[in-house]
Amino acid sequence: MQILQQTVEPYFKEAMGTLGVQSSDYEKLLGLATVADHGDLAIACHSLSRILKKSPVDIGDELSSILKPLLDGIVEVNSLNGFVNLKATDGWIEKHCGIICNDARLGVNKSSISRTVAIDYSSPNVAKEMHVGHLRSTVIGDSLTRILEHLGHKVIRENHIGDWGTPFGMLIEHLLDLGEGDAGNELSVGDLDGFYKTARTKFDDDSAFADRSRSRVVLLQSGDKETLRLWQVLVDESTRYFNEVYQLLGVLLVDDDLMGESAYHHLLPNVVEHLDNKGLLKNSDGADVVFPGGHLNRDGEPLPLIVRKGDGGYNYATTDLACIIDRVQRLGANDLLYVVGTPQARHFEMVFAVAHQAGLLDDSNRAIHVNFGSVLGSDGKVLKSRSGSAVKLVDLLKEAVTRADEVIGEKNPNLVGKERQEIANAIGIGAVKYADLSTDRTRDYMFDWSKMLSFEGDTAPYLQYAHARIRSIFDKVESDSWHSSSLSIENDSERRLARSIIGFADAIQSAYVDLMPNRICIHLHQLSAAFGSFYENCPVLVAEKNEVRDSRLKLCDATARILSTGLGLLGIHAPDRM
RNA sequence: GGGCGUGUAGCAUAGCCUGGAUAAUGCACCGGCCUCCUAAGCCGGGGACCGCGGGUUCGAAUCCUGCCGCGCCCGCCA
């Protein structure tokens, strides 16, 4: 209802002028109504009481009578308890909802300024299983990518996989021990954890193996050809596996988006050199560090960002700085988004601070840690991959699809074959994604199988179901004549639905501004609920008059398109049947 | 110890940035609705000292502050 507020704003100002109130005294008084029954917009008059030396109720009455003629035909004006309530007229709703119904973009305009956004998400580790933390990053990042692109921004996906570092010594040695063929087998069936854990165990228990692993790291870093080839085998097998998961999940990530840690390896000395040239580099306990300020360690001393370890090796802070250089200078990114868990908040604060100090970022750039909460088990404790949580991402997704398929068998046995498979996929995967996207991403997230895979309530299947019901109506419509008809709003169910249709653009805007996909979920659920009520109360095909039928068809069409568009922005499919 | 975050009905959440009128939604619970466009649905009902105490304000779930609980982070892992 931003659009209504914009419409009303000038008249409101005029009325305030008539009352003799300064603009600084009424700036925020006009806002969205908090009590839906009272209207769409409200003006709280209480703070004017002191200025005008009248009671809020009297001011409300007076303001109301000034606004009434000004806003005739736009809103109904009433005053109550010192509030002036503005409720959109049916005429206004018919007009604006009608515009949206006729708009391919459903009222969602592209941003006037297109930004180039590099978004870093998913980032699984080579030769390690993807776990629920990767699920969050992948699903949230995918949704944000879609939202940004929908608004006309240029998005560069960056899958910063963990493909470099000391563990690769032991992984390569383990690969050699198994023989490339067998190892490839193990990896290709997706037993990444088994591979990694065995290597780890050997490293810990077998000193000869540990020695070989360390030498292998040296060979890897010095660019030994054969070692690099073996390393590439590990990377290829892993990425093939990641791609399977991505395909099952239905996210946009492809091989071209891969930009692993190894890709920045050669830039790391330059990063340190650059920091040194800027005079930021300090030596502390043998390591090269930068003190960004604002952070203290346990002893109350300034906390450094280590860019080069005492042993001469580089670490993730160095790589992240190299990424910033690459993304800003080579890719021309205005905005840098990092869809990474909250525990790394301090790390990113320090990296961004150093990047600014070093001139790698300036005021035109926005570097944002798009943080998300930890994944908790049913016991409320953090689920960690190290503790060997048995939840494999692939297994979870497959179970979701299986369960969806079972429900289809119960609810709609007519669906068979390939179509049923695709629908089961859309429902199962959609349920998992929606469970992840529909809550505030910054809060911890309870990993609950039964909730995630239940298809009742505020879930993707509820929205998909609303969509499918509408599509089934259109299956029975023979003529397109409704397309050119106009809306006529006659009852509360229609009003509520039309208002919700108008609100779609606001929801997208809100999701974009705060990078919060759940704002879209909230709106889609509210829209679906409005539709559910409409569906029960307002016969469409058997409406008493043709004008009414056509008007309702328009509402249905817009609702369905908002659902499929909105779900699409969440990376969720909306099947025509289910 | 310091920093950051969080605490809303039995459970899970929205609202908090940008303060307003009976705190919203889902699950669970209770009661209704399928000769009628998909009942994965709809309608109605009960259930909350918005962690606790101060403060600012005409007005606080929302802003400030103190305390309590919980979580994460606090130098060579990422």
Side-chain angles (χ1 to χ4, degrees), chain A residues 28-29 31 33-38 42-47 49-50 55-56 80-83 85 123 125 162 165-167 261 284-289 294-301 303-311 313 315-317 319-320 340-347 349 371 373-374 376 380-382 404 407-408 410-412 414 427 438-440 442-444 446 448 450-451 454-459 461-462 464-466 468-477 514 518-519 521-522 525-526 528-529 532-543 552 556 577-578:
Chain A
K28 294 172 192 165
L29 292 188
T34 53
V35 182
D37 290 346
H38 289 154
I43 303 162
C45 303
H46 310 78
S47 64
S49 191
R50 189 182 301 153
S55 77
L80 181 69
N81 303 334
F83 291 88
N85 293 310
S123 310
N125 294 311
T166 47
E261 291 166 4
S284 175
D285 299 336
D288 289 329
V289 307
H295 299 275
L296 302 177
N297 69 12
R298 225 177 266 279
D299 302 320
E301 297 156 347
L303 188 66
L305 186 72
I306 296 172
V307 293
R308 195 181 194 187
K309 300 185 285 183
D311 67 4
N315 62 5
Y316 64 121
T319 309
D320 280 340
V340 178
T342 301
Q344 293 193 45
R346 187 191 287 233
H347 166 71
E349 278 175 33
N371 62 317
S374 302
L376 309 179
K381 288 180 182 167
V382 177
V407 178
I408 293 170
E410 283 169 36
K411 305 280 182 188
N412 195 352
N414 295 328
I427 295 173
S438 61
T439 62
D440 182 334
T442 66
R443 294 172 48 131
D444 285 351
M446 182 83 73
D448 182 339
S450 58
K451 190 188 171 188
S454 120
F455 304 124
E456 281 175 10
D458 183 14
T459 63
Y462 176 77
Q464 291 167 323
Y465 184 63
R469 287 167 117 187
I470 299 172
R471 297 309 318 161
S472 83
I473 292 175
F474 282 95
D475 284 345
K476 300 180 179 69
V477 177
D514 293 326
N518 69 315
R519 301 277 164 72
C521 297
I522 292 164
H525 181 255
Q526 189 244 23
S528 296
S533 187
F534 166 88
Y535 186 83
E536 298 289 331
N537 294 313
C538 306
V540 179
L541 297 176
V542 288
R552 288 179 180 169
C556 285
R577 300 207 292 161
M578 65 185 275

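- The side chain of His38(A) has A21(B) as its nearest neighbour among C76(B), A78(B), A21(B).
- As a whole-Å value, the separation of Asn297(A) CG from G75(B) P is 6 Å.
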Task: 5'-to-3' dot-bracket of RNA chain B (Watson-Crick, G-U; under 3.5 angstrom; crossing pairs as [ ]; | other strand) - done: (((((((..((((......[...)))).(((((.......))))).....(((((..]....))))))))))))....

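- If you run side-chain hydrogen bond (donor to acceptor under 3.5 Å, both in side chains) between Thr442(A) and each of Thr439(A), Asp444(A), Asp440(A), only Asp440(A) comes through.
- When distances are taken from the side chain of Val35(A) to each of C72(B), U22(B), G75(B), the shortest belongs to U22(B).
- Qualifying side-chain hydrogen bond (donor to acceptor under 3.5 Å, both in side chains) partners for Arg443(A), counting only residues two or more places apart in sequence or in other chains: none.
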Task: Heavy-atom protein contacts under 4.0 Å, nucleotides 7-20 of chain B, coded B base, S sugar-phosphate only, - none - done: S----SSSS----B

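- Between Asp37(A) atom CG and U22(B) atom C1' there is a gap of 10 Å when expressed in whole angstrom units.
- Evaluation of the side chain to side chain contact (heavy atoms under 4.5 Å, CB included) rule for Thr342(A) yields Asn371(A) as partners, not counting sequence neighbours.
- Taking atom CZ on Arg346(A) and atom C1' on C73(B), their separation rounds to 6 Å, with Å as the unit.
- Nucleic acid contact for Asn85(A): base, since at least one base atom lies under 4.0 Å from a heavy atom of the residue.
- Atom CG of Leu296(A) and atom C1' of G2(B) are 7 Å apart (whole Å).
- For the C1' atoms, the distance from A12(B) to C29(B) is 15 Å, rounded to whole Å.
- With sequence neighbours excluded, the residues satisfying ring pair (Phe, Tyr, Trp, His ring centres under 6.0 Å) with Tyr316(A) are His347(A).
- Heavy atoms of His525(A) sit under 4.0 angstrom from primed sugar atoms or phosphate atoms, though from no base atom.
- Using C1' as the reference atom, C16(B) and C50(B) are 11 Å apart when rounded to the nearest Å.
- G31(B) and U38(B) have their P atoms separated by 30 Å, with the value rounded to a whole Å.
- To the nearest whole angstrom, the two C1' atoms, one in G53(B) and one in G47(B), are 27 Å apart.
- Residues Ala345(A) and Lys309(A) both approach RNA chain B. Their nearest nucleotides, taken by heavy-atom distance, put Ala345(A) toward the 5′ side.
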Do any N or O atoms of the protein come closer than 3.5 Å to N or O atoms of nucleotides 60-64 of chain B, and which pairs are they?
none

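- Comparing U13(B) with U18(B), their C1' atoms sit 22 Å apart, to the nearest whole Å.
- Under the rule for a side chain to side chain contact (heavy atoms under 4.5 Å, CB included), the partners of Tyr535(A) that lie at least two apart in sequence or sit in another chain are Arg469(A), Ile473(A), Phe531(A).
- Atom name P, nucleotides U56(B) and C64(B): the rounded distance is 15 Å, in whole Å.
- In this entry the distance linking CD of Gln344(A) with P of C73(B) reads 10 Å, nearest Å.
- Evaluation of the side chain to side chain contact (heavy atoms under 4.5 Å, CB included) rule for Pro343(A) yields Ser374(A) as partners, not counting sequence neighbours.
- Glu349(A) places its CD atom 18 Å from the P atom of G2(B), with the value rounded to the nearest Å.
- Scanning for side-chain hydrogen bond (donor to acceptor under 3.5 Å, both in side chains) contacts around Thr166(A) gives an empty result, with sequence neighbours left out.
- Contact annotation for Ala466(A): no contact, since no heavy-atom pair falls under 4.0 Å across all strands.
- Scanning for side chain to side chain contact (heavy atoms under 4.5 Å, CB included) contacts around Thr459(A) gives Pro461(A), Tyr462(A), with sequence neighbours left out.
- Distance His295(A) NE2 to C72(B) C1': 15 Å, rounded to the nearest Å.
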Task: Where protein sits on nucleotides 36-50 of chain B, one letter per nucleotide: B base, S sugar-phosphate only, - none, heavy atoms under 4.0 Å - done: -BBSBSSS-------

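- Annotation: ring pair (Phe, Tyr, Trp, His ring centres under 6.0 Å) contacts of Tyr465(A) (sequence neighbours excluded): none.
- Atom-to-atom, CZ of Arg308(A) to C1' of C76(B) comes out at 13 Å; the value is rounded to the nearest Å.
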